[in-house]
Visitor: 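Quick one: structure below, then a few questions.
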Amino acid sequence: GRSYRVVIVVIVATTIVLAIIGAWILRQVTRRASASISAYVAEVNRHDNRARFRGTAVSEFNEVGQTLSRFVTALRDSEARAQIILNNAPVWITIKSVDGVYSFVNRAFESTTGLAAPDVVGKRTVDVFPPVTAARIDQNDGTVVELRSSAQFEASIDVKGEYCAFLVTKFPLLDAHGGVSGICSIGSDITQLKLSERALTEALAVAESASQAKSRFLATMSHEFRTPLNAILGFSDLIRQEYLGPAGNDTYVDYAGDIHRSGQQMLELVDEILDSAAIEAGQRQFDHKPVNLYAVIEDAIR
């Protein structure tokens, strides 16, 4: 009986020792496998493009690591495609955090503003633009965050001493929980459009001034011409009709008739000039009717 008890004690002790040794070995193997996955995750978090999962002695951990590796590879491919699309977009694009720190700018932004991405990413608006411009940008960003919807703004900045205007569309970036995690801005260059509008406004102002000057001239001409013409027509008609007595010479009467007709022609010319101005202003309608061609030719010959 005593021998059996000794054997049983030895067996139990041996089993316990073997269990402890097995647990220790399993722990070491698991720790190494877990450390391999943790190291891979840490490399990915550091955005290390050389990050690779290193296989372990535990197949289950290898399956987890390989699945994670495939997911990271797909995510990198997706980010690379998005980066290519954003950098080749014809409009400038920026992404900022809610607190105003730039996290991405594309090549169009660099070429438009003359600022390189390393000089912008990681910095706040006030570190990139003049105080007045930065304050306006931050105010627009705050409006988008408050409204939680997209909005359009017009912005103008000096790029290398030249005036540049942009139409900027801003919209909030939402996380998985619906919170605002950032602001994306897309800007298109409308400098030429604004310069054209400015030139058109100036041209319209010049045209309006010229039109007013012409109107003043026509009004003055009408008054100043009509006043002496009235005297010419009146006195020549008195002489032609001999209201105050015979002229004494028929030639004088003919001359008075010529003076009266010439004055009448000048008055008609003034009226025609005024009618032409009224036609240009759209204040007259054409009246098509037969014309006495004989009378027209007779006037031309005379």
Side-chain angles (χ1 to χ4, degrees), residues 44-51 72-203:
V44 171
N45 288 334
R46 290 196 300 269
H47 302 284
D48 187 354
N49 294 328
R50 297 173 299 176
V72 171
T73 300
L75 182 61
R76 284 176 176 171
D77 292 341
S78 177
E79 289 181 347
R81 286 192 296 268
Q83 189 85 4
I84 292 173
I85 294 173
L86 294 177
N87 278 327
N88 287 276
V91 293
W92 60 258
I93 302 172
T94 66
I95 298 176
K96 299 166 63 177
S97 61
V98 178
D99 55 357
V101 177
Y102 285 95
S103 59
F104 171 81
V105 295
N106 68 343
R107 292 174 185 169
F109 177 87
E110 294 179 304
S111 61
T112 301
T113 62
L115 301 171
D119 298 331
V120 179
V121 175
K123 296 183 179 179
R124 298 180 180 274
T125 313
V126 71
D127 300 326
V128 178
F129 296 104
V132 176
T133 303
R136 185 169 62 249
I137 294 174
D138 289 339
Q139 181 181 2
N140 294 338
D141 291 342
T143 301
V144 171
V145 173
E146 182 179 355
L147 297 177
R148 296 174 63 86
S149 62
S150 62
Q152 282 191 336
F153 307 93
E154 287 190 5
S156 60
I157 60 175
D158 290 333
V159 179
K160 298 179 180 179
E162 296 183 359
Y163 167 82
C164 292
F166 304 95
L167 179 63
V168 184
T169 301
K170 292 179 177 287
F171 55 90
L173 300 176
L174 306 179
D175 55 24
H177 303 289
V180 179
S181 60
I183 305 103
C184 181
S185 302
I186 301 176
S188 55
D189 192 344
I190 57 172
T191 304
Q192 293 303 320
L193 177 61
K194 285 298 181 182
L195 291 177
S196 298
E197 289 180 354
R198 183 183 299 177
L200 178 60
T201 301
E202 294 175 354

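All figures in this text were calculated on a predicted structure; none of them were measured in a lab.
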Visitor: For the residue pair S181 and V98, what are the closest heavy atoms and their distance?
Guide: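 The answer is C-CG2, 3.6 Å.
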Visitor: To the nearest 0.5 Å, what is the distance between OH (Y102) and CG (L115)?
Guide: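 Result: 9.0 Å between the selected atoms.
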Visitor: Please examine the side chains of V105 and I93, heavy atoms only from C-beta on, and report whether any two atoms are closer than 4.5 Å.
Guide: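 A side-chain contact is absent here, since even the closest heavy-atom pair is not under 4.5 Å.
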Visitor: Enter the distance from R107:CZ to I84:CD1 here, rounded to the nearest 0.5 Å.
Guide: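 Rounded to the nearest 0.5 Å, the CZ-CD1 separation comes out at 8.5 Å.
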Visitor: Please walk me through it: do E110 and V120 pass side chain to side chain contact (heavy atoms under 4.5 Å, CB included)?
Guide: CA-CA 9 Å; E110 294 179 304; V120 179; over 6 Å; no
Visitor: Which atom names give the shortest non-hydrogen contact between N87 and N106, and what distance separates them?
Guide: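 It is OD1-CA, 3.4 Å.
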Visitor: So do the side chains of F153 and I137 get within less than 4.5 Å of each other, counting heavy atoms only?
Guide: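 No, too far: nothing below the 4.5 Å cut-off.
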Visitor: Donor-acceptor pair, D141 side chain versus S97 backbone, under 3.5 Å?
Guide: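 Pair absent, no side-chain N/O of D141 close to backbone of S97.
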Visitor: Hey, which of V145, L147, V144 is the one that makes side-chain contact (heavy atoms from CB on, under 4.5 Å) with P172?
Guide: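 When side-chain contact (heavy atoms from CB on, under 4.5 Å) is applied between P172 and each of V145, L147, V144, only V144 qualifies.
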Visitor: Just verifying a value: how many Å separate T113 OG1 and F166 CZ, rounded to the nearest 0.5 Å?
Guide: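 If we round to the nearest 0.5 Å, T113:OG1 and F166:CZ are 7.5 Å apart.
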Visitor: Would you please name every residue forming a salt bridge (Lys or Arg N to Asp or Glu O under 4.0 Å) with D138, sequence neighbours left out?
Guide: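 Testing D138 for salt bridge (Lys or Arg N to Asp or Glu O under 4.0 Å), a comparison that skips the adjacent residues, returns K96.
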Visitor: Under 3.5 Å, side chain of S185 to main-chain N/O of T94, donor-acceptor pair present?
Guide: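 The answer is no, because no donor-acceptor pair under 3.5 Å joins these two groups.
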Visitor: Look at the side chain of S103 and the backbone N and O of I95, then say whether any donor-acceptor pair between them is shorter than 3.5 Å.
Guide: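 Answer holds: yes.
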Visitor: Give the minimum heavy-atom separation between L173 and C184, together with the two atoms involved.
Guide: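 That closest heavy-atom pairing would be CD2-CB, 4.0 Å.
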Visitor: Considering only heavy atoms from C-beta outward, does the side chain of Q83 approach that of F104 to under 4.5 Å?
Guide: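 Yes, close enough: below the 4.5 Å cut-off.
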Visitor: Looking at every non-hydrogen atom in both residues, tell me the closest pair between D119 and K123 and how far apart they are.
Guide: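 Here D119 and K123 meet closest at O-CD, 3.2 Å.
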